[in-house]
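Hydrogens, waters and symmetry mates play no part in the numbers below; they use all other heavy atoms, side chains included. Since the model is a prediction, treat every value here as computed from it, not as a measurement.
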Amino acid sequence: MAGSTPVSLTAEAPAGLVPSTAAPRREAHFSPGREAWRRFRRHRLAVVSSIVLLLIVAAIVIGPLLWRLPINEIDFAAKLEGPSWAHPLGTDDLGQDVLARLLYGGRVSLAVGLCAMLVACSVGVLVGAIAGMSRGSVDAVLMWLADLFLSLPTLPLLLLLIYLFRESLKGVLGPEGGVFVLIVAVIGGLRWMQVARLVRAQILSIREKEFIEAARALGASTVRQVVRHILPNALGPVIVAATIDVAAAIIQESTLSFLGLGFPPDIPTWGRVLFDAKDTIDIAPHWALFSGAAIFFTVLTINFIGDGLRDAFDPRRVL
């Protein structure tokens with residue numbers, strides 16, 4: 001009848017308009033990591049840089065297994081040759097293969113960058129957490145110490161420390177191990193201040209949030225509050241700072257090797273190869289160009305990845 005209301009919604013409805021009785025579709029589960037990955041993928045330059053960096057790392061790790069020319073094989077008949085099928089990146093003044101030396105040196109340079117970053121982040125997170133959770137004199141002393149280290153000139157201090165302790169560590173850990181430990185400790189020991197300030201600022205903001213107050217009301221200790229609740233929410237800026245520290249450590253190690261104060265001459269780090277090539281750059285530019293390009297592209301890709309991570313972990317930025 002016109003104007004009447006059906007008893008059942010499905011009694012007089014057409015077959016195609018019958019409501020579905022299927023279960024409603026579940027929404028995708030939200031997680032901070034998935035959201036950060038979605039935002040990072042929108043930064044195209046960071047994604048391309050990640051692919052390039054992965055290719056560089058794969059070449060460094062797998063390359064020596066495929067390209068088996070010795071790094072110290074001397075062939076004066078082939079010295080300062082340009083790129084060829086036998087030597088894709090040419091040779092140096094002793095006839096040594098530049099590709100083999102750059103593949104080996106990349107392992108050392110990246111290892112220095114990663115280890116120095118771990119030292120800087122570990123010390124920085126520890127100091128920043130103590131300063132952020134403390135009040136009064138402890139916080140003031142730690143931040144004064146960070147300001148003191150920030151005011152020191154980095155390169156002259158690096159040169160002085162390496163000059164003072166290099167020979168003693170060589171005698172204890174060997175020529176390669178002693179220099180590696182010294183460079184990592186010195187570079188990492190002079191890069192923790194920025195991380196400490198970031199962690200302290202994050203903790204000062206997060207420790208007043210409602211979920212921290214709830215954890216404190218439930219009897220959580222200070223260490224548990226920091227480890228389980230505060231630090232996981234403060235890792236975004238730390239990850240970004242870690243990428244910057246890797247790039248900075250690679251540049252500083254290359255600078256030390258270029259100045260002749262890094263690894264011994266028989267260990268071909270990228271900076272050492274560039275140092276050896278400086279005297280023949282006019283007659284054999286390939287030697288310096290390829291070693292400089294390895295440093296340039298590695299540092300550039302790491303910096304772009306850091307930019308992408310900064311945008312991914314910044315909640316104020318719309319992506």
*Grab the two heavy atoms, one from Val195 and one from Arg191, that are nearest each other, plus how far apart they are.*
CG2-O, 4.3 Å

*Nearest 0.5 Å please: distance from the OH atom of Tyr104 over to the CH2 atom of Trp270.*
14.0 Å

_Is there a side-chain contact between Ile244 and Gln194 in this structure, where contact means two heavy atoms from C-beta onward sitting under 4.5 Å apart?_
no

_Distance-minimising heavy-atom pair for Arg272 and Ser257_ = N-CB, 3.4 Å

*What pair of heavy atoms forms the shortest contact from Leu89 to Leu99, and how long is it?*
CD1-CD1, 3.6 Å

*Nearest 0.5 Å please: distance from the CD1 atom of Ile302 over to the OG1 atom of Thr243.*
8.0 Å

*For Asp75, side chain to side chain donor-acceptor pair (under 3.5 Å) partners two or more places apart*: none

*Out of Val125, Leu142, Asp139, which one pairs with Ile130 under the side-chain contact (heavy atoms from CB on, under 4.5 Å) rule?*
Leu142

*Would you confirm whether Arg107, through its side chain, and Ile60, through its main-chain N or O, come within 3.5 Å as a donor-acceptor pair?*
yes

*Are any non-hydrogen side-chain atoms of Asp307 and Leu45 less than 4.5 angstrom apart?*
no

*Check Leu80 against His286 and note the closest heavy-atom contact, atom names and distance.*
O-CE1, 4.0 Å

*asked:* Under a 3.5 Å distance rule, please check whether Ser151 uses its side chain to pair with a backbone N or O of Leu148 as donor and acceptor.
replied: yes

*asked:* Please find the pair of heavy atoms, one from Val240 and one from Leu309, that lie closest to each other, and give the distance.
replied: CG2-C, 3.7 Å

_Between Arg101 and Asp97, does the salt bridge (Lys or Arg N to Asp or Glu O under 4.0 Å) criterion hold? Intermediate values first, please._
CA-CA 6 Å; Arg101 293 175 68 82; Asp97 186 72; over 6 Å; no

_Min side-chain heavy-atom separation Thr301-Val48 under 4.5 Å_ = no

*In terms of hydrophobic clusters joined by side-chain contacts under 4.5 Å, are Val299 and Leu54 together?*
no

*With the side chain counted from C-beta on, respond yes when Trp192 and Leu126 share a heavy-atom pair under 4.5 Å apart, and no when they do not.*
no

*Has the side chain of Ser291 got a donor or acceptor atom that lies under 3.5 Å from a matching backbone atom of Val273?*
no

*asked:* Counting C-beta onward and ignoring hydrogens, is there a side-chain heavy-atom pair between Val238 and Val199 closer than 4.5 Å?
replied: yes

_Heavy-atom pair of closest approach, residues Ile250 and Gly113_ = CG1-CA, 4.2 Å

_Under 4.5 Å between side-chain heavy atoms, counting indirect links through other Ile/Leu/Val/Met/Phe/Trp/Tyr residues: same cluster for Leu198 and Leu145 or not?_
no

